[in-house]
Asks: 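A single structure is presented below for examination.
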Number of protein chains: 2
Amino acid sequence: MGNRPGNRSTPAKERQLSPVDGLAQLSFLIHRLLERRAGEHELSIIQTRLLGVLRDRRPTISELGKLLDLDKSSVSGLVERAERRGLVTRDPSPTDGRSVLVRLTGHGRSLVSEASSQFGADVFTLLNLLSPTDRRELSRLISRMLVAHAADHGIDLFPTIEAEPGTD
Amino acid sequence: MGNRPGNRSTPAKERQLSPVDGLAQLSFLIHRLLERRAGEHELSIIQTRLLGVLRDRRPTISELGKLLDLDKSSVSGLVERAERRGLVTRDPSPTDGRSVLVRLTGHGRSLVSEASSQFGADVFTLLNLLSPTDRRELSRLISRMLVAHAADHGIDLFPTIEAEPGTD
DNA sequence: TATTGTTATACTCTATAACTATA
DNA sequence: TATAGTTATAGAGTATAACAATA
């Protein structure tokens, strides 16, 4: 996908990727950046996402399944491997004897904070390839498109959160 | 990642994601679109990429490894599973007795063409959430950023290809 | 000697199905 | 009965290391 040019017009001035190729390649690039930074901390993308959602939540396994769009058995294994590495803990729920509450450890929190801020720096570097004007414009357009897409799917991109205070 | 708003300014007019969150969320969204379309044809993203690069190439295992950024042993398994499904063939190289040449079958070609055009339609739908002007501008900026990034890394985004004629 | 590809091995990630314990 | 979580099982995907065949 995105391996052929497919641009009929070549205005010599500035060659351009097709819109589809551009979005696809951008997506792969960002994905690789995240993968690389996570990998530096021995984290996979899904482990990073797990730690990420735990930064301001203390969910059950089922809730994690909904948040990460995974089967509960997949979450069970994911959490088990994270727990074995000392990144999260599993405590019995005080209100429901069937549930467990998953929580970040200090080590887990510092890992995800590092990976996350390094990834942010990577994206920043990428954006800095554009002029300040272009950069602002790109962010505005992406945001506008995502907001419209979220609205189409009944998702609120700007929820009022009532979570525990973050420590990072 | 990207689970907290982190927007201090809320200009009531049009709320905006931070640049980093915007790019990250856009990347995940595109990734999910591709995953969904590929999945409808029982393809993973990596299988789809494999078929994608084979649309206009007949590479060796090693070349595929470079193209997909995978170890040759990983490519070996990937191609083996694709071959088992009748999506690719493996022929001995006529010029190097150690190499094999991997090629798309008609079935593989039609699968990747379908997935690819459906994915294209998805991206089109997404872009259509913007006005024509915004859409053109977004594509232009993304392309410009990717071209600059590629240049930074010594990659030619617009290679002159000398491949076999595509059949799709 | 170096390169190409395969195989053995090990691990992560994922889902389905069967199970236990609790509600 | 229904839900929460674990476990068994199966398979894709990945890498490292060892190997055979060829260059």
Side-chain angles (χ1 to χ4, degrees), chain A residues 28 31-32 34-36 38-53 57-103 111 115, chain B residues 28 31-32 34-36 38-53 58-103 111:
Chain A
F28 284 132
H31 207 262
R32 279 199 304 274
L34 180 53
E35 203 166 35
R36 178 161 57 81
E40 285 173 9
H41 303 280
E42 317 272 69
L43 292 173
S44 64
I45 287 192
I46 187 61
Q47 285 284 349
T48 309
R49 286 184 60 208
L50 168 66
L51 302 188
V53 305
R57 288 179 191 85
R58 200 174 303 195
T60 65
I61 297 287
S62 297
E63 286 165 354
L64 277 174
K66 283 169 201 132
L67 288 165
L68 300 174
D69 193 27
L70 291 176
D71 187 85
K72 56 187 176 164
S73 66
S74 304
V75 176
S76 211
L78 201 61
V79 168
E80 198 276 332
R81 290 186 292 275
E83 190 181 32
R84 206 191 308 150
R85 288 180 56 185
L87 307 178
V88 307
T89 58
R90 241 187 311 206
D91 307 301
S93 164
T95 60
D96 188 332
R98 301 167 299 178
S99 298
V100 300
L101 301 181
V102 183
R103 185 167 42 151
L111 261 200
Chain B
F28 286 132
H31 206 263
R32 279 197 305 274
L34 181 52
E35 203 166 35
R36 178 160 57 79
E40 286 173 8
H41 302 280
E42 318 271 64
L43 293 173
S44 65
I45 286 191
I46 187 62
Q47 285 283 349
T48 308
R49 286 184 61 210
L50 168 65
L51 302 188
V53 305
R58 200 175 303 196
T60 65
I61 297 287
S62 296
E63 286 164 355
L64 277 174
K66 282 171 200 131
L67 288 165
L68 300 173
D69 194 27
L70 291 175
D71 188 84
K72 56 188 176 162
S73 65
S74 304
V75 176
S76 211
L78 200 61
V79 168
E80 197 276 330
R81 291 186 291 275
E83 190 181 32
R84 207 191 308 147
R85 288 180 55 186
L87 307 178
V88 307
T89 58
R90 239 188 310 206
D91 306 302
S93 164
T95 60
D96 188 330
R98 301 168 299 178
S99 298
V100 298
L101 301 182
V102 183
R103 184 167 44 151
L111 261 200

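What you see is a predicted model; the values in this text were computed from it and never measured.
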Asks: Begin with the C-alpha distance, continue with both residues' side-chain angles, and end with the deciding distance and a verdict on side chain to side chain contact (heavy atoms under 4.5 Å, CB included) for T60(A) and D96(A).
Replies: CA-CA 10 Å; T60(A) 65; D96(A) 188 332; over 6 Å; no
Asks: So for S73(B) and dT16(D), does any side-chain atom that can act as donor or acceptor lie under 3.5 Å from a complementary atom in the base?
Replies: yes
Asks: Looking at the side chain of D71(A), which of dT16(C), dT4(C), dG5(D) is the nearest nucleotide?
Replies: dT16(C)
Asks: Measuring to OP1 and OP2 of dG5(D), would you say a side-chain N or O of S62(A) lies under 4.0 angstrom away?
Replies: yes
Asks: dA10(C) P sits how many Å from R84(A) CZ, rounded?
Replies: 15 Å
Asks: Which nucleotide wins on minimum distance to the side chain of K72(B), given the candidates dT7(D), dT4(C), dA4(D)?
Replies: dT4(C)
Asks: Does the dT3(D) base have a donor-acceptor partner in the side chain of R98(A) within less than 3.5 Å?
Replies: yes
Asks: Counting heavy atoms from C-beta on, name the nucleotide in dT6(D), dG5(C), dT12(C) closest to the side chain of S44(A).
Replies: dT12(C)
Asks: For I46(B) and dC13(C), what is the distance between atoms CD1 and C1' respectively, to the nearest whole Å?
Replies: 15 Å
Asks: Can you classify the ring geometry of H31(A) versus H31(B) as parallel (below 30°), tilted (30 to 60°) or perpendicular (above 60°)?
Replies: parallel
Asks: Please give, in whole Å, the distance from dT14(C) P to I45(A) CD1?
Replies: 11 Å
Asks: Which part of the nucleic acid does G97(B) contact within heavy-atom distance under 4.0 Å: base, sugar-phosphate only, or nothing?
Replies: sugar-phosphate
Asks: For L70(B) and dT6(C), what is the distance between atoms CG and P respectively, to the nearest whole Å?
Replies: 14 Å
Asks: Apply side chain to side chain contact (heavy atoms under 4.5 Å, CB included) to residues R32(B) and R36(B) and explain how you reach the verdict.
Replies: CA-CA 6 Å; R32(B) 279 197 305 274; R36(B) 178 160 57 79; over 6 Å; no
Asks: Within this structure, what is the CD-to-C1' distance between E35(B) and dA15(C), rounded to whole angstrom?
Replies: 14 Å
Asks: Could you tell me whether S93(A) contacts a base, only the sugar-phosphate backbone, or nothing, with contacts defined as non-hydrogen atoms closer than 4.0 Å?
Replies: nothing
Asks: Could you check how far CD of Q47(B) sits from P of dA12(D), rounded to whole Å?
Replies: 9 Å
Asks: Base, sugar-phosphate or nothing for V75(B)? Non-hydrogen atoms, less than 4.0 Å.
Replies: nothing
Asks: Could you grab the distance from atom CG of L87(A) to atom NE2 of H41(A), nearest 0.5 Å is fine?
Replies: 12.0 Å
Asks: Just the rounded figure in Å: distance from P of dG13(D) to CG of D69(B).
Replies: 16 Å
Asks: Would you mind telling me which of dC13(C), dT7(C), dT16(C) lies closest to the side-chain atoms of L78(A)?
Replies: dC13(C)
Asks: Only one of I61(A), T89(A), V75(A) forms a side-chain contact (heavy atoms from CB on, under 4.5 Å) with V102(A), so which one is it?
Replies: I61(A)
Asks: By the 4.0 Å heavy-atom rule, please label S74(B) as base, sugar-phosphate, or nothing.
Replies: base
Asks: How many whole angstroms separate atom CZ of R81(B) from atom C1' of dT7(C)?
Replies: 14 Å
